[in-house]
**Student:** 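Take this structure, written in structure tokens, and hold onto it; I'll ask about it next.
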Amino acid sequence: MIDLIFFKSLFPITVVLIGIIMGRMLERLDDRSISAACLFAFAPAMLFRHASSQIAFSYEFVFILFFILFHTTAIFLIAYKAFQFLDVSPRIHRLFLLTTVIISIFGLRRIQPLLGGPEAVQTVNMIIFYHMLVVAVLGFYLSRDDRKDSGGISMVLCSPFIYALGAGLIFAVSKIEMPYLVLESIDSLHNVTIPLSLLLLGVVLGKYVFLVEMVDYAVLIPGLAIVIFFRMILSPALAMLLAPRVIMENVELQRALIYSSGVPTGLFAVALVCFYGKQNEKRFVALCVVLSTVVHYVTLPILTFLINRWFPVEG
């Protein structure tokens, strides 16, 4: 299974490399425009499709919702308090939180072969749906540089994800069947989201990250290390404590939730910061995504060993 995950990584690596080449060679390439297309056109279609395919009143739907909201809240509050001790601006503080709570949708797809069984696809789709909800709420809230304290969480209403999510859930609950041509069009938008996000990551690396400047990036190392610790180590450890208490009788679901908690920082963090952030923030988030992905190849076998030992599947 691990070999399959490595093989599937060839596609994202290729797309990122294409983005790096484009970022290096095309001076007029605008990463903000690419991120705008991702956030306001393709990603909402992705969220709508995930929302419209949910079974909103099923046992798994309710308990996955409870777990992810509880786990995200816990990791957010712990990170919030920890990052307060760092001597950084409120903007950087929010950037650390953004890269901590947003997880890789592509990473969730990679863990699917490790879950096994015919229900694994639906389980992963539900987990992706909830983490897209986290992006829609916390992601847009944390990334907005023009956020006013008096505005609070109402800034989330500027996110197109919220409306895509609401529309999708209405279709799911009412069991409205959309015409095939409509679904085909939406799926075409849906399928562009992850490749476009990978391309955007490559463009950012190509435009803002240079090996000759690595010495200058030393100032980023403490922040990167802390974010990766929260994302790759503390998050799955917290999930291991919470999962048996939230979902006591479904070991397969426990395993899925623990696996999903230990994936890298998500590409949508790059898209959000490219649209709302500044050049130095783009560099930090891009490096955070890349380094957490590299660390994931080390932590995943360890996490698999612990899950198999502490959460074994009978038979």
Side-chain angles (χ1 to χ4, degrees), residues 1-17 64 67-68 71-72 74-75 78-79 99-128 130-131 194 197-198 201 205 221 224-247 250-270 285-315:
M1 291 297 183
I2 301 296
D3 292 338
L4 179 62
I5 290 173
F6 275 95
F7 181 75
K8 286 187 174 182
S9 299
L10 292 177
F11 167 73
I13 291 172
T14 301
V15 177
V16 170
L17 288 176
I64 291 177
F67 175 86
I68 289 180
H71 177 268
T72 302
I75 198 74
I78 295 170
T99 50
T100 299
V101 299
I102 294 184
I103 77 171
S104 171
I105 305 300
F106 198 85
L108 292 176
R109 288 293 183 206
R110 285 208 305 268
I111 68 169
Q112 188 173 305
L114 300 175
L115 302 180
E119 297 181 355
V121 174
Q122 181 60 29
T123 299
V124 170
N125 283 338
M126 282 192 283
I127 294 173
I128 288 175
Y130 288 125
H131 283 290
I194 298 300
S197 301
L198 290 167
L201 173 62
L205 292 173
I221 292 176
L224 289 169
I226 293 172
V227 169
I228 291 173
F229 170 78
F230 272 88
R231 177 69 265 145
M232 307 302 303
I233 299 176
L234 185 62
S235 178
L238 182 62
M240 286 186 182
L241 293 175
L242 295 177
R245 292 161 176 79
V246 175
I247 305 169
N250 192 330
V251 178
E252 289 83 0
L253 193 51
Q254 291 175 3
R255 292 166 61 92
L257 292 171
I258 294 168
Y259 269 122
S260 69
S261 69
V263 296
T265 295
L267 291 167
F268 281 107
V270 177
V285 175
L287 289 174
C288 191
V289 171
V290 171
L291 292 178
S292 63
T293 301
V294 172
V295 172
H296 186 229
Y297 288 114
V298 178
T299 58
L300 183 58
I302 299 173
L303 186 59
T304 299
F305 171 79
L306 295 176
I307 290 174
N308 288 336
R309 182 166 182 174
W310 294 338
F311 301 87
V313 178
E314 296 181 1

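The structure presented is a predicted model; accordingly, all values stated were derived computationally and were not measured.
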**Student:** If I compare all heavy atoms of Leu205 with all of Val290, which pair ends up nearest, and what's the gap?
**Tutor:**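 Smallest interatomic distance, heavy atoms only, reads CD1-CG2, 3.8 Å.
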
**Student:** If you take all heavy atoms of Leu198 and Phe106, which pair is closest and at what distance?
**Tutor:**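 Leu198 and Phe106 have their closest heavy atoms at CD1-CE1, 4.5 Å.
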
**Student:** Just to verify, what does Tyr259 make a ring pair (Phe, Tyr, Trp, His ring centres under 6.0 Å) with, not counting sequence neighbours?
**Tutor:**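 Listed in chain order: nothing, the list is empty.
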
**Student:** If you round to the nearest 0.5 Å, how far is CD1 of Ile78 from CZ of Phe230?
**Tutor:**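 One finds 7.0 Å between CZ of Phe230 and CD1 of Ile78.
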
**Student:** For a side-chain contact (heavy atoms from CB on, under 4.5 Å) check, start with the C-alpha distance between Asn250 and Arg255, then their side-chain angles and the critical distance, and finish with the verdict.
**Tutor:** CA-CA 9 Å; Asn250 192 330; Arg255 292 166 61 92; over 6 Å; no

**Student:** How many angstroms lie between atom CD1 of Ile64 and atom NE2 of His71, to the nearest 0.5 angstrom?
**Tutor:**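 The distance works out to 14.0 Å.
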
**Student:** List, one per line, each side-chain donor-acceptor pair under 3.5 Å for residues 236-243, sequence neighbours excluded.
**Tutor:**
none

**Student:** To the closest 0.5 Å, what do you measure between CD1 (Ile111) and CG (Leu303)?
**Tutor:**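 It comes to 9.0 Å.
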
**Student:** Please find the pair of heavy atoms, one from Arg110 and one from Pro264, that lie closest to each other, and give the distance.
**Tutor:**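 Arg110 and Pro264 have their closest heavy atoms at NH2-CG, 4.1 Å.
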
**Student:** Going by the side chain to side chain contact (heavy atoms under 4.5 Å, CB included) test, name the single residue among Val263, Ile68, Leu253 that passes it with Ile127.
**Tutor:**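 Among Val263, Ile68, Leu253, the one that satisfies the side chain to side chain contact (heavy atoms under 4.5 Å, CB included) with Ile127 is Ile68.
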
**Student:** For Ser292, check side-chain hydrogen bond (donor to acceptor under 3.5 Å, both in side chains) against everything at least two apart and list the hits.
**Tutor:**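 side-chain hydrogen bond (donor to acceptor under 3.5 Å, both in side chains) check on Ser292 returns nothing, list empty.
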
**Student:** If you look only at pairs with a residue in residues 260-270, which of them pass as a side chain to side chain donor-acceptor pair (under 3.5 Å), with sequence neighbours excluded?
**Tutor:**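 Non-adjacent pairs meeting side chain to side chain donor-acceptor pair (under 3.5 Å): zero.
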
**Student:** What's the separation between atom CD1 in Ile258 and atom CH2 in Trp310, rounded to the nearest 0.5 Å?
**Tutor:**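 Going from CD1 on Ile258 over to CH2 on Trp310, the span is 9.5 Å.
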
**Student:** What closest approach, in Å, do Thr99 and Cys288 show between heavy atoms, and which atom pair accounts for it?
**Tutor:**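 Distance-wise, the nearest heavy atoms are CB-SG, 3.9 Å.
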
**Student:** What residues form a side-chain hydrogen bond (donor to acceptor under 3.5 Å, both in side chains) with His131, not counting sequence neighbours?
**Tutor:**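 None.
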
**Student:** Closest heavy-atom contact between Ala120 and Leu115?
**Tutor:**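 Heavy atoms of Ala120 and Leu115 come nearest at CB-CB, 3.9 Å.
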
**Student:** Can you tell me how far apart OG (Ser104) and CD1 (Ile194) are? Round to the nearest 0.5 Å.
**Tutor:**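 Here the rounded value is 7.0 Å.
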
**Student:** Who passes side-chain hydrogen bond (donor to acceptor under 3.5 Å, both in side chains) against Asn125, sequence neighbours left out?
**Tutor:**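 Asn125: side-chain hydrogen bond (donor to acceptor under 3.5 Å, both in side chains) contacts with Arg109.
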
**Student:** Going from CD on Gln254 to CZ on Phe67, what distance comes out if it is rounded to the nearest 0.5 angstrom?
**Tutor:**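 Reported value, rounded in 0.5 Å steps: 9.5 Å.
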
**Student:** Nearest heavy-atom pair of Thr100 and Arg231: which atoms, and what distance?
**Tutor:**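 In terms of heavy atoms, the two residues are closest at O-NH1, 2.6 Å.
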
